[in-house]
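Below is one structure, written out as structure tokens; comments come after it.
If you're wondering where the values come from, they're calculated on a predicted model, not measured in any experiment.
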Amino acid sequence: MKELMLGNKAIARGLYEAGCSVVSSYPGTPSTEITEEAARYEEIYCEWAPNEKVAVEVSHGASLGGVRAASAMKHVGLNVAADPVFTISYQGLNAGLVIFVADDPGMHSSQNEQDSRHYAIAAKVPMLEPSDSEEARVYTKKAFEISEKYNTPVFVRMCTRVAHSQSVVHLEERNMPPKVPYVKDPTKVMMTKNSRDAHIRVEKRTLELIEYADTSDINRIEKADSKIGIITSSTSYQYTKEVFGDKVNILKLGMVYPLPDKLLMDFAKDLETIIVIEELDPIIETYCRSKGLNVYGKDIFPVCGEFTQNLIKSCLKEKIPELFSDVDIPDGNMIPDEIPMRPPVMCAGCPHRGVFYVLKKLDCMVYGDIGCYTLGAVAPLNAMDLNVCMGASCSGLHGFNLAMKEEGEKKSVGVIGDSTFIHSGITGITDISYNMTNSTVIILDNSITGMTGHQQNPTTGKNLRGEPAGKVDLEALCRALGYHRVTVIDPYDLAETERVIKEELSVSEPSIIISRRPCVMIKGTVHKPAIKANKDKCVGCKQCMSIGCPAISVTNGKVNIDTTLCVGCNVCTQMCKLGALGE
């Protein structure tokens, strides 16, 4: 049986077929659908954990308990999960453990463009890298086999194009392995001699995995009548095939750590030109050079951004044009790169818009965070000064105010979403409370994890499957952490929002403001009728345009409301003093 699937959905199918029993993850584009799709299988327990570190620890615990387990995250999420991953590599498992990490070349939905292959090398954890949906399914199953054979967690590295592209997948039945009995093993306590011995085992394991990489069909050579060879993996393999077809030799790598030694040398033996095509950092290229191979790589291709068929061809024609004397690839095979840009914008009626409007009006320094509210940084609001990573708005604001003293405390705030707050904001506000800077943090509680597609989180009262679950009481939590000033506001009320922010900035103690209004896109939300525009009263001052609502426009000097977008939030009506906007 066959089915057309996204790469992420194919991974979920692989989890099902491999007999995986537990999946714990934190949503992050482009990895989110892996867990959402896995949750469709009743046989797999799936959960959203508070953050990626917790998710990996849960999955590892399930592995120790004797069942196959997995976690999924985006590349920056692996930064959070790194602490347990490095030690789990030493400690080992019981049943198989697979960690899916999705990189985001081109930063379509990310704050940096890091290459997760560095983590595989640093943690000495094998990493597989599928190039299409069928390989995503197959490699998921193979990853569990490798994990159990070599007593190691295994990374499966995705990228945006493989995760979110569709190709044909061959469906197979679920193969449920027997539960592995738990046996107490004192050597699994990672301390002193145990850790030293474990490191020796890990190095021995790496040598065994290199032998596996040399002989496994996960790495393959595609021969051609040519003296040109290309070494590649993942989506770069697809681009290579589209550019060259079968006119060059290709070493297609499915395991990108550890890399094969003998296979590389055998592939290069009779070739005159060897080119490494890989997105982001020169991982494969550097390894080839360390083995004495003279290869082209980042001297031809960029180290930043996504590749395309056009980019690969243009780089080769510019840097080594002699290649094309033997290999003529017609331009007709290429896909145009020029695609109209659509700038991101907060939705009409977004509850965050009123908060950012007030913060801009008050000329506050706004330490931002990671979520859809990061769009508060773009025009016309321009109300966010900076962001770093999940949770940094809280601890970063604390440090900023330590440096600025009263000058900063009276004019600076941190903003963080409800899901991000649970992920890593709690420790930051604890630092503020414990060390007593007069810092004000605004928790933007929109009752959902918004940017990654409306996943539940510990503040919503529902679990991943939408069932009733434990719910964190944000007000009680903040008070338990030492805050005496915890205020809840409705961000649709601009006057009250401004009054509370001014008041909390003026006091001489830490404070929390919870801006509470559900995301307008939550399924089942009932909206008010659209705002009506009275063009006779409009003088074309464009004050209503300063909040950047996509439902508002000015045509021929008069305000216009797009009733298909407007949700009747009434924020704009509070800005128009002439009554040109109303119900």
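- Salt-bridge check for Asp115 with Arg157: passed, with a basic side-chain N closer than 4.0 Å to an acidic carboxylate O.
- Between Arg13 and Glu172 there is no salt bridge, since no side-chain nitrogen of the basic residue lies less than 4.0 Å from a carboxylate oxygen of the acidic one.
- More than 12 heavy atoms of other shown residues, nucleotides or ligands fall within 6.0 angstrom of atom CZ in Arg201.
- Two residues are said to be in side-chain contact when any heavy atoms from C-beta on lie closer than 4.5 Å; Glu467 and Lys462 fail this criterion.
- The environment of CD in Glu42 is sparse: at most 12 heavy-atom neighbours from other residues, nucleotides or ligands sit within 6.0 Å.
- Separating the OG1 atom in Thr206 from the CD1 atom in Ile121 is a distance of 11.0 Å, to the nearest 0.5 Å.
- A donor atom on one side chain and an acceptor atom on the other are not found under 3.5 Å apart for Thr452 and Thr32.
- In terms of heavy atoms, Arg174 sits closest to Cys20 at NH2-O, 3.2 Å.
- Side-chain atoms of Thr87 and Gln91 include no donor-acceptor pair closer than 3.5 Å.
- For the residue pair Tyr119 and Ala82, the shortest heavy atom distance occurs at CE2-CB, 3.6 Å.
- A salt bridge links Lys53 to Glu57: at least one charged side-chain nitrogen sits closer than 4.0 Å to a carboxylate oxygen.
- Surrounding NZ of Lys298 are more than 12 heavy atoms belonging to other residues, nucleotides or ligands, all under 6.0 Å away.
- A salt bridge is absent between Arg117 and Asp281: the closest approach of a Lys/Arg side-chain nitrogen to an acidic carboxylate oxygen does not fall below 4.0 angstrom.
- A donor-acceptor contact closer than 3.5 angstrom is absent between the side chains of Ser236 and Arg161.
- The CD atom of Glu17 sits 4.0 Å away from the NZ atom of Lys141 when rounded to the nearest 0.5 Å.
- Under 3.5 Å, the side chains of Thr449 and Asn457 contain a donor-acceptor pair of N or O atoms.
- What you find for Ala38 and Ala12 is that their closest heavy atoms are N-CB, 3.4 Å.
- Here Lys262 pairs with Asp266 in a salt bridge; the nearest charged N to carboxylate O distance falls below 4.0 Å.
- Rounding to the nearest 0.5 angstrom, the gap separating the CD atom in Gln455 from the OG atom in Ser25 is 10.5 Å.
- Note that OG of Ser31 and NZ of Lys74 are 8.0 Å apart. Values are rounded to the nearest 0.5 Å.
- Checked by atom type and distance alone, the side chain of His60 never pairs as donor or acceptor with a backbone atom of Pro153 at under 3.5 Å.
- For Ser24 (side chain) and Ser71 (main-chain N/O), no donor-acceptor pair under 3.5 Å exists by modelled atom type.
- Without hydrogens or angle criteria, Asn446 side chain to Cys519 main chain gives no donor-acceptor distance under 3.5 Å.
- Using cut-offs of 30° and 60° for the angle between ring planes, the Tyr16 and Tyr41 rings count as parallel.
- Heavy atoms only, all atoms of each residue included: Val22 and Ile44 are closest at N-CG2, 4.4 Å.
- A donor-acceptor pair under 3.5 Å links the side-chain atoms of Ser147 to the main chain of Leu97, judged by distance alone.
- Salt-bridge check for Asp299 with Lys319: failed, with every basic side-chain N at 4.0 Å or more from each acidic carboxylate O.
- By the 4.0 Å N-to-carboxylate-O rule, Arg137 lies close enough to Glu134 to be salt-bridged with it.
- A 4.5 Å side-chain heavy-atom check between Ser133 and Asn8 finds every atom pair outside the cut-off.
- Considering every non-hydrogen atom in both Leu464 and Ala39, the closest pair reads CD2-CB, 3.1 Å.
- A 4.5 Å side-chain heavy-atom check between Glu47 and Val23 finds every atom pair outside the cut-off.
- Counting only N and O atoms by type, the side chains of Glu113 and His75 include no donor and acceptor under 3.5 Å apart.
- The CD1 atom of Ile274 sits 7.0 Å away from the CZ atom of Phe267 when rounded to the nearest 0.5 Å.
- By the 4.5 Å heavy-atom criterion applied to side chains, Phe155 and Leu78 are counted as neighbours.
- Side-chain atoms of Tyr26 and Ser419 form a donor-acceptor pair, as typed in the model, at a separation below 3.5 Å.
- The closest side-chain heavy-atom distance from Asn387 to Ser393 is not below 4.5 Å.
- The backbone N or O of Leu93 sits less than 3.5 Å from a side-chain atom of Asn151, completing a donor-acceptor pair.
- Looking at Asp103 and Ser116, their side chains do bring a donor and an acceptor atom within 3.5 Å of each other.
- Leu263 places a side-chain heavy atom less than 4.5 Å from the side chain of Leu251.
- Using modelled atom types and a 3.5 Å distance limit, the side chains of Thr308 and Asn310 yield no donor-acceptor pair.
- The environment of Asn112 atom CG is dense: over 12 non-hydrogen atoms of other residues, nucleotides or ligands sit within 6.0 angstrom.
- A donor-acceptor contact under 3.5 angstrom links the side chains of Ser233 and Glu129, judged on distance only.
- The closest donor-acceptor contact from the side chain of Ser165 to the backbone of Val162 lies at 3.5 Å or more, if one exists at all.
- In terms of heavy atoms, Asn94 sits closest to Ser63 at CB-O, 2.9 Å.
- Salt-bridge annotation for Lys142 and Asp217: present, with a side-chain N of the basic residue lying under 4.0 Å from a carboxylate O of the acidic one.
- Annotation: side chain of Val154 is not in contact with side chain of Glu145 (no heavy-atom distance under 4.5 Å).
- Within the 4.5 Å cutoff, side-chain heavy atoms of Lys252 are placed close to those of Glu135.
- The aromatic rings of His199 and Tyr90 sit parallel to each other, their planes meeting at less than 30°, with 60° as the upper class boundary.
- A donor-acceptor contact closer than 3.5 angstrom is absent between the side chains of Tyr287 and Glu285.
- Here the CE atom belonging to Met521 is positioned 10.5 Å from the SG atom belonging to Cys350, to the nearest 0.5 angstrom.
- A donor-acceptor contact shorter than 3.5 Å links the side chain of Thr374 to the backbone of Asp369.
- For Thr420 and Tyr373, the side-chain atoms include at least one donor-acceptor pair closer than 3.5 Å.
- No donor-acceptor distance shorter than 3.5 angstrom exists from the side chain of Gln309 to the backbone of Tyr239, with no hydrogens or angles considered.
- The pair Arg220-Glu222 meets the salt-bridge criterion, since a charged nitrogen lies less than 4.0 angstrom from a carboxylate oxygen.
- Judged purely by atom type and a 3.5 angstrom limit, Asn249 has no side-chain atom pairing as donor or acceptor with the backbone of Lys227.
- Of the candidates Glu3, Glu36, Glu33, Glu3 is the only one forming a salt bridge (Lys or Arg N to Asp or Glu O under 4.0 Å) with Lys9.
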